[in-house]
*Asks:* 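Sharing a structure, written as structure tokens. Questions coming.
Numbering of ligands and ligand atoms starts at 1, following listing order.
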Amino acid sequence: FLPHLVASMEEVEQTYIMIKPDGVQRGLVGEIISRFERKGFKLTGLKLFQCPKELAEEHYKDLQSKPFFPKLIDYITSGPVAWEGVGVVASARKLIGATNPLNAEPGTIRGDLAVQTGRNVVHGSDSPDNGKREIGEFFPGLAQVVE
Ligand code: IDP
Ligand code: MG
């Protein structure tokens with residue numbers, strides 16, 4: 001696995017990156033995947049699919065009580081693309097940038113490509129545990145390939 005890039009497999013984690021429907025509609029899939037690839041993340045699973053409502057509600061259950069929750073579910077179920085990646089979770093979050101694109105640094109995906117929190121083009125797991133869990137949810141049955 002990318003021997004020129006990482007010295008130790010112990011530093012490698014799995015993360016679930018989801019290009020949200022606005023990113024797909026705006027034709028940013030290639031651009032976003034390219035940023036992760038150039039950083040050194042390894043793409044291990046990719047599919048284009050419409051997220052079922054139940055899965056979206058489960059995925060964002062921590063935000064259930066928020067006033068924007070129904071809109072978030074409508075937005076995310078309108079047709080995302082997903083990828084499963086191997087890399088480092090915290091590093092992926094840095095590439096993505098802050099939740100509110102107005103606070104996201106230039107150079108980050110949200111900082112360069114988005115304007116509103118409600119249309120912030122991409123999701124990335126926030127911990128290695130959640131990375132594993134989300135990959136299990138969005139890619140059921142897919143072997144957890146790290147090699
Ligand atoms: P994250 O995506 O940066 O991890 P979270 O706080 O986990 O941010 O929120 C999940 C998603 O919910 C955000 O990416 C965004 O799409 C949506 N969201 C969060 N806060 C707001 C808000 O105040 N208004 C509208 N949508 C929001
Ligand atoms: Mg989050």
*Asks:* Tell me which part of K71 gets within contact of ligand 1: side chain, backbone, both or neither, using heavy atoms under 4.0 Å.
*Replies:* neither
*Asks:* Does a donor on one side chain sit under 3.5 Å from an acceptor on the other, for D22 and Y75?
*Replies:* yes
*Asks:* In the protein, which heavy atom is nearest to atom 4 (O) of ligand 1, and how far is it?
*Replies:* R93 NH1, 2.8 Å
*Asks:* Tell me, do L113 and L28 make a side-chain contact under 4.5 Å, heavy atoms counted?
*Replies:* yes
*Asks:* Can you find a pair of side-chain heavy atoms, one from R133 and one from E137, that are under 4.5 Å apart?
*Replies:* yes
*Asks:* Heavy-atom contacts under 4.0 Å between T99 and ligand 1: side chain, backbone, both, or neither?
*Replies:* both
*Asks:* So is K20 polar-close to ligand 1, meaning N/O to N/O under 3.5 Å?
*Replies:* yes
*Asks:* Any side-chain heavy-atom pair from V115 and P101 closer than 4.5 angstrom?
*Replies:* no
*Asks:* Salt bridge check: are E57 and K61 linked by an N-O gap of less than 4.0 Å?
*Replies:* no
*Asks:* Quick test: of every protein heavy atom, which one is nearest to atom 17 (C) of ligand 1, and how far off is it to 0.1 Å?
*Replies:* L72 CD1, 3.7 Å
*Asks:* For atom 9 (O) of ligand 1, what is the closest protein heavy atom, and at what distance to 0.1 Å?
*Replies:* L63 CD1, 3.5 Å
*Asks:* Starting from atom 13 (C) of ligand 1, what is the nearest protein heavy atom, named by residue and atom, and what distance separates them?
*Replies:* N120 ND2, 3.6 Å
*Asks:* Whether K66 engages the ring of F69 as a cation-pi pair (distance to the six-membered ring centre under 6.0 angstrom, angle to the ring normal within 45°) should be assessed.
*Replies:* no
*Asks:* With heavy-atom distances below 4.5 Å as the criterion, would you say the side chains of T44 and F139 are in contact?
*Replies:* no
*Asks:* Closest non-hydrogen protein atom to atom 2 (O) of ligand 1, residue and atom name please, with distance?
*Replies:* R110 NH2, 3.1 Å
*Asks:* Among I19, I32, I96, find the one that has a side-chain contact (heavy atoms from CB on, under 4.5 Å) with V121.
*Replies:* I32
*Asks:* Distance to 0.1 Å, residue and atom name: give those for the protein heavy atom nearest to atom 11 (C) of ligand 1.
*Replies:* Y60 CE2, 3.9 Å
*Asks:* Quick one: look up the protein heavy atom nearest atom 19 (C) of ligand 1 and list residue, atom name and how far away it is.
*Replies:* F68 CZ, 3.5 Å
*Asks:* Counting only heavy atoms closer than 4.0 Å, does ligand 1 sit against the backbone of T117, its side chain, both, or neither?
*Replies:* both
